[in-house]
Amino acid sequence: MSRIQPTLGVLGGGQLARMLALAGAPLGVRFLVVDSVEDACASQVAPLLRADWRDFATLEDFARRVDVATFDFENVPAETARWLVERTRVFPAPRALAVAQDRLAEKTLFGEIGLATPAFVAVDSRADLERAVAEVGLPAILKTRRLGYDGKGQFRLRTPADVGPAWDALGAQAHGLILEAFVPFEREVSVVAVRGRDGDFRAWPLTQNWHTDGILSVSLAPAPGAASLREAAVGHARALAERLGYVGVFALELFVHQGRLLGNEMAPRVHNSGHWTIEGAHTSQFENHVRAVLGLPLGDTGARGVSLMFNWIGDLPDAAAVLGGVDAHWHDYGKLPRPGRKVGHATLCAPDAATLRERVERVARALGREAQAAPALAALA
Ligand code: AMP
């Protein structure tokens, strides 16, 4: 007797697609990944179709071969996503992607659901920028509305003399800019949440995040001492998901400023600040995303204890210090080293904060990563 296994198509073949495929395999799900580069790291664990986002002949083949399509990359052109919707089931819907692709639309939506944001003004000309600086004040951050990630496409303005250089750096952007007030936040947290095709909504515990040069460096979950923020943060995530009719996993990145939550951005996909859930939660973000988009019941998003994730940027440290530890987990994405590139991560788990501290201190010392671990260790103290 034959049995049909579902095939989940993923647009984008990076580490997120790779971890989705690894999580989906035990559920009997097959994968097909599309990426424009031959050595996309997901191709080591799932078949790859090589195509760019406008290669509709190859995408036609992709659409025929998958039961459901999803994304590892939010900047798939909305036009491609809409084209795909005519041919196969696509989750999340292109509308969610379109909102998350545009910082102005995203922040406007945050306001509509009652989530405060840093002050912001749309900027389309040098004169707009002058006016925006007068309105928002300094310091401020000029960002491209589209295609920015990991701190790319951003310029910090500290004094009025920075207006010219900021405009020279980003003014040529075809899709417009946004000026945001710089928020001297106490901390950054994210809500990683999932909504099923039937509307079931679940969120993992809040995660606290530290960035270096705009790139995530360390995540700690559950965020220490954040119990009082969780209800509001998860409420905003739920409102966002319901407003967008969202299906799948997403992340809502928040600043905590003077004890209040401010919305920074939404990622319409599994997220780097949820990698700890692979070992640190009853169900990982990757498994729940696969379940959600295929219409399966969602799994428990509770934490098993406390977890800390180190992101490895540029190149990988020696794995031995992590591999030899208790409840310590190594992830090598199979990528070539390159400055600024996310090449892997490690997650250390423990039953309580004191034990996690010891484990993190030991690994950080062995790898010479004390500076990377320091802010999270202070938060754990
Ligand atoms: P983004 O790509 O907008 O998430 O920015 C990357 C990182 O830069 C954030 O995670 C923050 O650490 C920092 N950042 C972005 N926007 C602001 C802001 N308005 N005020 C202070 N820090 C910011």
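Just so you know, these numbers come straight off a predicted model, no measurement behind them. Ligands are counted one by one from 1 in listed order, and the atoms in each one are counted from 1 as well.
Below 3.5 Å of separation, one finds no N or O of F185 facing any N or O of ligand 1. Remark: ligand 1 and I141 share no N or O pair separated by less than 3.5 Å (distance only, no angle test).
Residue contacts with ligand 1 for N264 involve side-chain atoms from C-beta outward but no N, CA, C or O (heavy atoms, distance under 4.0 Å). When heavy-atom distances to ligand 1 are checked against a 4.0 Å cut-off, P184 has no atom that comes that close, whether in backbone or side chain.
Taking the centre and axis of the six-membered ring of W83, the NZ or CZ atom of R87 falls inside the cone set by 45° and 6.0 Å.
E279 and R304 are not joined by a salt bridge, as no carboxylate oxygen comes within less than 4.0 angstrom of a charged side-chain nitrogen.
Counting heavy atoms only, K143 comes closest to atom 3 (O) of ligand 1 of the residues E253, E265, K143. Across the listed options E180, R103, E188, E106, E188 owns the non-hydrogen atom lying nearest to atom 12 (O) of ligand 1.
Residue A140 places every heavy atom at 4.0 Å or more from ligand 1.
In this structure, H289 has its ring center no closer than 6.0 Å to that of F91. Less than 6.0 angstrom separates the ring centroid of F286 from the ring centroid of H275.
Listed by first then second residue, pairs satisfying salt bridge (charged side-chain N to carboxylate O under 4.0 Å, His left out) with a partner in residues 23-48 read E38-R50, not counting sequence neighbours.
Partners of R359 according to the side chain to side chain donor-acceptor pair (under 3.5 Å) rule, which considers only residues two or more places apart in sequence or in another chain, do not exist here.
Near H211, the atoms of ligand 1 lying under 4.0 angstrom from a non-hydrogen atom of the residue are 10 (O), 12 (O).
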